[in-house]
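To keep things clear, I will list the structure first and then write my remarks on it.
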Amino acid sequence: MTTRAALLVLADGRFPAGGHAHSGGAEPAVKAGHIRDAQDLADFCLGRLHTTGLTSAALAAAAAHGLDPLALDEAADARTPSPALRGVARRLGRQLMRAARATWPSPELTALAAARPRGAHQPVVLGLTARAAGLGPTDAAHCVAYETVSGPASAVVRLLSLDPFEATAVLARLTPALDEVAEQAAEAARRGIDALPAASAPLLDISAETHAGWPVRLFAS
């Protein structure tokens, strides 16, 4: 049975999937001076949404659509050139898997957990979680698209002491772009793995590698 309320649970920042410990590249962007205010945050989030966000949303939509999760996990690896980000994606996937199996147990989640004991990529796990919760590919894509921008927005509130009202207003202004990306991702998923986007953000990859070597940092990534 499909219930849209399950999407609210899955997308809730309080869902114990570990995302609160990650800045989505915002911490190194703040240190480099690329994010200084709400407008910079909006630009950063928009760029992330249309690159890594679109790619991740399509992977999640494909998993929710019922495509082979192991093949999707390999596709996610191929679309994540940064070793640091591959590690982050698998750690987040492992944490999400624990929460998902406790919340919406399913044979598909159990099988993926057994096949990838060190963690599958988070978007693939999220797509299977959405499927287990009775949600569809577009729902899964919306969830990932929202995570793509809400994570950095929340992080920047802490990193810059940005007014939370301003950060929330940024997210509200991005909602048309979120809808657009989610629809693009779901449409790609319907055409199969070979049709999934592979949009990249090289600066995010480079900054992730630099950030991973910091001796002191507020966020894990």
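- Cluster note: V216 groups with no other residue, as no ILVMFWY side-chain heavy atom lies under 4.5 Å from it.
- In the hydrophobic clustering of this structure, L92 does not group with Y146; members are Ile, Leu, Val, Met, Phe, Trp, Tyr whose side-chain heavy atoms approach within less than 4.5 Å, directly or through other members.
- Note on I35 and L203: separate hydrophobic clusters, where clusters join Ile, Leu, Val, Met, Phe, Trp and Tyr whose side-chain heavy atoms are under 4.5 Å apart, directly or indirectly.
- The salt bridge (Lys or Arg N to Asp or Glu O under 4.0 Å) search around R14 returns D12, not counting sequence neighbours.
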Ignoring hydrogens and angles, write down the donor-acceptor pairs under 3.5 Å from the side chains of residues 58-83, residues two or more places apart or on other chains.
residue: D68; atom: OD1; partner: L70; partner atom: N; Å: 3.0
residue: D73; atom: OD1; partner: R90; partner atom: NH1; Å: 3.4
residue: D73; atom: OD1; partner: H121; partner atom: N; Å: 2.8
residue: D73; atom: OD2; partner: R90; partner atom: NH1; Å: 2.9
residue: D73; atom: OD2; partner: R90; partner atom: NH2; Å: 3.1
residue: D73; atom: OD2; partner: R116; partner atom: NE; Å: 2.8
residue: D77; atom: OD1; partner: R90; partner atom: NH2; Å: 3.4
residue: D77; atom: OD1; partner: H121; partner atom: NE2; Å: 2.8
residue: D77; atom: OD2; partner: R90; partner atom: NH2; Å: 3.2
residue: R79; atom: NE; partner: P197; partner atom: O; Å: 2.9
residue: R79; atom: NH1; partner: A75; partner atom: O; Å: 3.2
residue: R79; atom: NH2; partner: L196; partner atom: O; Å: 3.1
residue: T80; atom: OG1; partner: A76; partner atom: O; Å: 2.7
residue: S82; atom: OG; partner: A84; partner atom: N; Å: 3.3
residue: S82; atom: OG; partner: L85; partner atom: N; Å: 3.1
residue: S82; atom: OG; partner: E209; partner atom: OE2; Å: 2.5

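- Closest approach of T138 to A186, counting heavy atoms only: OG1-CB, 3.4 Å.
- In plain terms, the two heavy atoms of A26 and F44 that are nearest each other are N-CZ, 3.9 Å.
- Residues W214 and F219 fall into different hydrophobic clusters, defined by Ile, Leu, Val, Met, Phe, Trp and Tyr side chains chained together at heavy-atom separations under 4.5 Å.
- No chain of hydrophobic side-chain contacts below 4.5 Å, direct or via other Ile, Leu, Val, Met, Phe, Trp or Tyr residues, connects L126 to L54.
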Only pairs under 3.5 Å count here: list side-chain donor-acceptor contacts from residues 94-105, not counting sequence neighbours, and write none if there are none.
residue: R94; atom: NH1; partner: R118; partner atom: O; Å: 2.5
residue: Q95; atom: NE2; partner: P16; partner atom: O; Å: 3.0
residue: T103; atom: OG1; partner: A99; partner atom: O; Å: 2.7

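- Residue pairs meeting the side chain to side chain donor-acceptor pair (under 3.5 Å) criterion with at least one member in residues 42-56, sequence neighbours excluded, are Q39-D43.
- Between the CD atom in E180 and the CG atom in L178 there is a gap of 10.0 Å [rounded to 0.5 Å].
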Sequence neighbours left out, cut at 3.5 Å: what donor-acceptor pairs do the side chains of residues 151-175 make with other protein atoms?
residue: D163; atom: OD1; partner: F165; partner atom: N; Å: 2.8
residue: T168; atom: OG1; partner: P164; partner atom: O; Å: 2.9
residue: T175; atom: OG1; partner: A172; partner atom: O; Å: 2.8

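- The two atoms that bring L46 and A177 nearest to each other are CD1-CB, 3.9 Å, heavy atoms only.
- The only member of H22, H211, R217 that meets side chain to side chain donor-acceptor pair (under 3.5 Å) when paired with E27 is H211.
- Contact between V181 and A145 at its shortest, heavy atoms only, is CG1-CB, 4.5 Å.
- L128 and V9 fall within a single hydrophobic cluster, where Ile, Leu, Val, Met, Phe, Trp and Tyr are joined by side-chain heavy atoms under 4.5 Å apart, directly or via other members.
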